[in-house]
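Predicted model, so just to flag it, every value in this text is computed and none were measured. Numbers restart at 1 for each chain; the letters A, B, ... are given by sequence-line order, proteins then strands.
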Number of protein chains: 2
Amino acid sequence: MSTTQTESRNDTRTRLLNAALQAFGSRDYDGVSTREIVEMADANISAISYHFENKQGLYHATVAYLSEILKAGMAEQLDSLEPWLKQASAEDCGEKACQFLGHFFEHILLGEVGKHAPGIIFREQNRPTEAYQILFETLLGPMHKTLAQLVAKYRGQSAQDPQVLYMVHSLLGQTVIFRIAQTTLLKILKQKKYSREDIKGIKHQLGTQCRAILDTQPITNHSDQ
Amino acid sequence: MSTTQTESRNDTRTRLLNAALQAFGSRDYDGVSTREIVEMADANISAISYHFENKQGLYHATVAYLSEILKAGMAEQLDSLEPWLKQASAEDCGEKACQFLGHFFEHILLGEVGKHAPGIIFREQNRPTEAYQILFETLLGPMHKTLAQLVAKYRGQSAQDPQVLYMVHSLLGQTVIFRIAQTTLLKILKQKKYSREDIKGIKHQLGTQCRAILDTQPITNHSDQ
DNA sequence: ACCATTCAATCAAACGTTTGATTTATGTTT
DNA sequence: AAACATAAATCAAACGTTTGATTGAATGGT
């Protein structure tokens, strides 16, 4: 069965996507030239317009591509959680949430993709393009939602409760900051890169803090309205 | 005393800086054209090379400009803290740290500068240029350091203790995430912008979590080596 | 008359995109 | 099976535009 055509098509196509991922991940959209990408991908200039219409099309496709990769990397954690959640105890949910964040931490810090992802993801958060929708639907949304369910069940609150959502956001924030603001922390630690002890220490610290946050008292609706 | 000359120089100079701050804050370095900046600043193209040598020079000056503005906004908090710290009780230090983060939160979310700062600051963290040094020395470093001193004193640890530094980093992370990943949280909340209750609720939540984190048990140096 | 500043005009280089020809694979007819 | 026709994919070359930068003249306060 000659898959040669499809293969060859996907070949330059994926070569372009990989090159674009690397390029867009480490530099601005406008800082990356199409010529640079095709050179990296060992393809011809017009391959971009042929496979993706234009540069923007390639960028959108790249974000979608990244979303899928990242999602796949978290899939085991994410998908298997939904059914597990129904028969889990509240106590288990708290522990699971901490574990999830721990895995997430390692994933973005040590993982292959974590190298290029942050630049793109932040850019889309800061200045959403059409590609943000994809990113949210396939990655950010599900992660947030799953985590919210865990937190909510552990604390006996609703997964739509703003307080829970704020908490989830915080938990993610204190995790990703070690990737986002890596440069600053390393400068303070007077190191060039995280040592093994750093990784271990931070992960432990995040776990401790996660549990402490989860155990804070739910706000009593003493509301003033 | 004829300040007119200096004034006029500073006039277009600062007009350029303000325009550049706005431009670089909302778009990539390469996404911003010099012509666009000078048009915003109502100046001539060659004003850039005259006042800042070239585009890069303008960018560096803009980062320095931003650093100063941000630092000034936090100066009351920051400078008055050093002397205060020496005669403060541990308990006070904990409370002060939480307060500081609260102010910081409002500053980056509601403040004028918070609109343009995140884009630049993140970009410099993710891909440091020469300008990062300025940013670190005048803003990021001092903030981290001050917070570390507060946390350390409250917890009876050293301000150089990695655990303290990790904790400070986390605390900052869970604060800035509400600005950085604003888009995502708003999408989850199904809102266009943070409501007054959101701001209030998040600030309260951050305070609670900050205290919970500060009160976690210091790691016993049960070290395995 | 001098100096700092602003201006319009101009430059080469790099940009994203398009073109028309060429090569490679697939399908059809004999 | 061989010859032809059609489509998919790649290629070098060129397009017009925009980019950051430079120039030398004009302006205005002292």
From A/R27 atom CZ to A/R123 atom CZ, the distance as rounded to the nearest 0.5 Å: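 Going from CZ on A/R27 over to CZ on A/R123, the span is 10.5 Å.
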side-chain contact (heavy atoms from CB on, under 4.5 Å) partners for B/S33, two or more places apart: B/R35, B/E36
Heavy-atom check, side chain of B/L101 versus side chain of B/L206, under 4.5 Å: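 Not in contact.
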More than 12 heavy atoms of other groups within 6.0 Å of A/E106 CD: yes
Atom CD of A/Q191 with >12 non-hydrogen neighbours under 6.0 angstrom: yes
Phosphate OP1/OP2 of C/dA4: any B/H51 side-chain N/O under 4.0 Å: no
Contact pattern, 5' to 3', of nucleotides 19-26 of chain D - B, S or - by protein heavy atom under 4.0 Å: BBBBB---
Using whole Å, what does the distance between atom [atom2] of nucleotide [N] and atom [atom1] of [X] come to?
| X | N | atom1 | atom2 | result |
| --- | --- | --- | --- | --- |
| B/F52 | C/dT5 | CZ | P | 12 Å |
| A/R13 | D/dA8 | CZ | P | 15 Å |
| B/Y50 | D/dT27 | OH | C1' | 13 Å |
| B/D11 | D/dG28 | CG | C1' | 15 Å |
| A/I37 | C/dA14 | CD1 | P | 17 Å |
| A/Y59 | C/dC15 | OH | P | 19 Å |
| A/E36 | C/dG16 | CD | C1' | 14 Å |

Main-chain N/O of B/F178 paired with A/Y166 side-chain donor or acceptor, under 3.5 Å: no
